[in-house]
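Hydrogens, waters and symmetry mates play no part in the numbers below; they use all other heavy atoms, side chains included. Counting starts at 1 for both ligands and their atoms, in listed order.
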Amino acid sequence: MNNPSAPSPEAFREEAGAFLRSIAAEGAREADQRESDRIAAVEELGEGHELQVKQARELQARLFDAGFAWPSGPPDCGGRGLSREHDQVLDDLLAELGFPSREVLFVGLHIVAPAIDRHGSPSLRSRTLPALMRADIIGCQLFSEPSAGSDLAGVATRAVRDGADWILTGQKVWTSMGHLADVGEALVRTDPDAPKHEGLSMFLVDMRAPGVTVRPIRQMTGGAAFNEVFLDGVRVPDANRIGAVGEGWRVAATSLGSERDSMSGDDGPVSPYVLQRLAALVTRLDAVADPVHRQEIARTVASIVAMRAAAELPDGSWSHGLGPVSGSVLKLLMTRAVDRIAELAGSVLGERAFTDDGGWDTYAWSEFVLGAPALHIAGGTDEIQLNIIAQRGLGLPRPPKPAGRETTRK
Ligand SMILES: Cc1cc2nc3c(=O)[nH]c(=O)nc-3n(C[C@H](O)[C@H](O)[C@H](O)COP(=O)(O)OP(=O)(O)OC[C@H]3O[C@@H](n4cnc5c(N)ncnc54)[C@H](O)[C@@H]3O)c2cc1C
């Protein structure tokens, strides 16, 4: 942020707070609707998710129209050119005032948009960024494939040039929100003869284009937020390329870095909303009266404080060799905090976490408890984050390759 006339975070809090309070009656009504509702660690899209999607989109549009959708975003695409701290102020206010979660928009806002913002052509930026940030369109991430997860640079989906277009053929998997998405950020191979990191390019695919087939995958939580996506000769205009041909790996790194940073932020699974509900649960069930629960509460609070403290360190604090890996450190701290929260909620509730006896705020935690393990995998597994910290942060040698595997996920 280099804007001398930018409001301070405190002044921005006043300004945004005044706007949000002006629509708070509506926000409070929406909060009531979800009071007995679910709490999730990762978005599961269970029963009744249509209302959740509608509320998130409406809220995002109202924020955008009032200039609050993307405080740190570029002014030419609907942002305010402010700092990440201003984003945080907004997220805190939304949680404090009880507005609905925008988790269903996470991929578009925090994974797809940053890549387009940084690497997209001026025309792609102006065509897509305001629409994504206003939630007029929903984005998904088409990176993983059946044989390319940790080994992301091994993607086999091909893109072949055909005049002003490219023809995409292949299969993607674990595509969160793919069935709701209008556009997908697709990492594909454009040069099979180049070294594998250099033969990749990134495209924005129209998810309704002929040749795109989306098949939901049912999860153990009961929801279906994941999908398989089949690309069968899908025509994508070259104008929808994000970054230069052969630069797909760099674009993917932008998306993955932003994904990890955002997961440990207030819009992620350790959101102020989740913490409010946890505090309410622990208070109502008088968990502090039990010495074992007391210890669990202390461990949970310590893990959250550690995550928050690390997230608030100024950039230079990571200079002891850990600069490029702060996202991996934060992601691991976030995952551990989520584990603690899930263990505490599960332990305090016991069987009531999974049997809906109609009691206040009991069954609502089932999705969080069941969904927490997914965070050890999403956005790059724990083992991969540890490898990144070891190699890039601490300068340790690469580990020996497991038989038949190679790891390239950034
Ligand atoms: C909730 C959730 C949402 C997701 N959403 C999306 C999405 O929207 N779009 C998308 O493209 N993908 C998505 N994914 C997929 C995710 O990025 C991959 O699952 C992840 O990168 C791991 O890849 P994989 O499943 O192929 O596992 P693999 O890479 O096959 O790994 C299997 C196991 O081997 C370990 N392993 C692999 N290589 C090494 C190594 N070199 N050293 C040590 N251990 C290793 C891994 O840590 C893991 O435990 C999502 C996943 C989850 C859980």
Side-chain angles (χ1 to χ4, degrees), residues 40-46 103-112 115 138-157 170-181 183-188 200 202-203 205 207 214-221 223-231 248 251-253 255-260 262-263 268-269 327-328 331-332 334-335 338 342 367-368 370-392 396-410:
V42 288
E43 188 45 66
E44 303 289 350
L45 291 186
E103 177 72 19
V104 291
L105 307 176
F106 183 93
V107 179
L109 301 186
H110 297 293
I111 299 177
V112 182
I138 289 183
C140 69
Q141 179 194 34
L142 299 166
F143 286 14
S144 302
E145 297 185 359
S147 298
S150 302
D151 179 19
L152 186 60
V155 297
T157 295
Q171 187 197 339
K172 297 290 177 178
V173 72
W174 312 126
T175 314
S176 305
M177 315 302 150
H179 57 308
L180 300 175
V183 292
E185 182 192 0
L187 184 65
V188 298
L200 298 168
M202 195 72 86
F203 291 93
V205 176
M207 294 296 286
V214 181
R215 284 198 204 141
I217 299 171
R218 181 69 59 187
Q219 294 139 223
M220 73 174 173
T221 49
F226 283 142
N227 301 271
E228 293 180 292
V229 175
F230 298 88
L231 303 169
V251 183
S255 285
L256 292 170
S258 171
E259 178 180 12
R260 274 171 211 148
S262 306
M263 280 169 102
S328 297
K331 203 219 152 195
L332 287 172
M334 177 277 293
T335 310
V338 169
E367 272 183 45
F368 193 96
L370 291 174
L375 290 164
H376 291 278
I377 304 170
T381 67
D382 286 2
E383 290 77 15
I384 297 307
Q385 306 314 317
L386 290 169
N387 281 350
I388 291 171
I389 294 165
Q391 290 158 39
R392 290 192 222 153
L396 296 175
R398 288 179 70 84
K401 286 178 195 165
R405 284 210 167 270
E406 191 175 336
T407 300
T408 52
R409 200 169 189 95
K410 281 221 165 186

Ignoring hydrogens and angles, tell me if any N or O in the side chain of Ser255 forms a donor-acceptor pair with the backbone of Ile111 under 3.5 Å.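 A pair under 3.5 Å: yes.
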Taking non-hydrogen atoms only, is [X] closer than 4.0 angstrom to ligand 1 via side chain, backbone, both or neither?
X      : answer
Thr381 : side chain
Val107 : neither
Ile384 : side chain

Identify, with sequence neighbours excluded, every residue that meets salt bridge (Lys or Arg N to Asp or Glu O under 4.0 Å) alongside Lys331.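 Partners of Lys331 by the salt bridge (Lys or Arg N to Asp or Glu O under 4.0 Å) criterion come out as none, since no residue qualifies.
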Under the salt bridge (Lys or Arg N to Asp or Glu O under 4.0 Å) rule, collect the residues that match up with Glu145, sequence neighbours excluded.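 Lys172.
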Contact atoms of ligand 1, heavy-atom distance to [X] under 4.0 Å:
X      : result
Ala374 : 1 (C), 53 (C)
Ser176 : 3 (C), 4 (C), 5 (N), 6 (C), 7 (C), 8 (O)
Glu383 : 43 (C), 44 (N), 46 (C), 47 (O), 49 (O)

Applying side-chain hydrogen bond (donor to acceptor under 3.5 Å, both in side chains) to Gln141 and Thr175, what does each step give before you reach the verdict? CA-CA 6 Å; Gln141 179 194 34; Thr175 314; over 6 Å; no
Distance-only N or O hit between ligand 1 and Phe143, under 3.5 Å: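 Yes - when backbone and side-chain N and O of Phe143 are compared with those of ligand 1, one distance drops under 3.5 Å.
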Is there any N or O on Ser144 that sits under 3.5 Å from an N or O of ligand 1?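 Yes; at least one N/O pair falls below 3.5 Å.
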Is any side-chain heavy atom of Met263 closer than 4.5 Å to a side-chain heavy atom of Phe106?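 Side-chain contact under 4.5 Å: yes.
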Any side-chain heavy-atom pair of Gln391 and Asn387 under 4.5 Å: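 Counting from C-beta outward, Gln391 and Asn387 do come under 4.5 Å.
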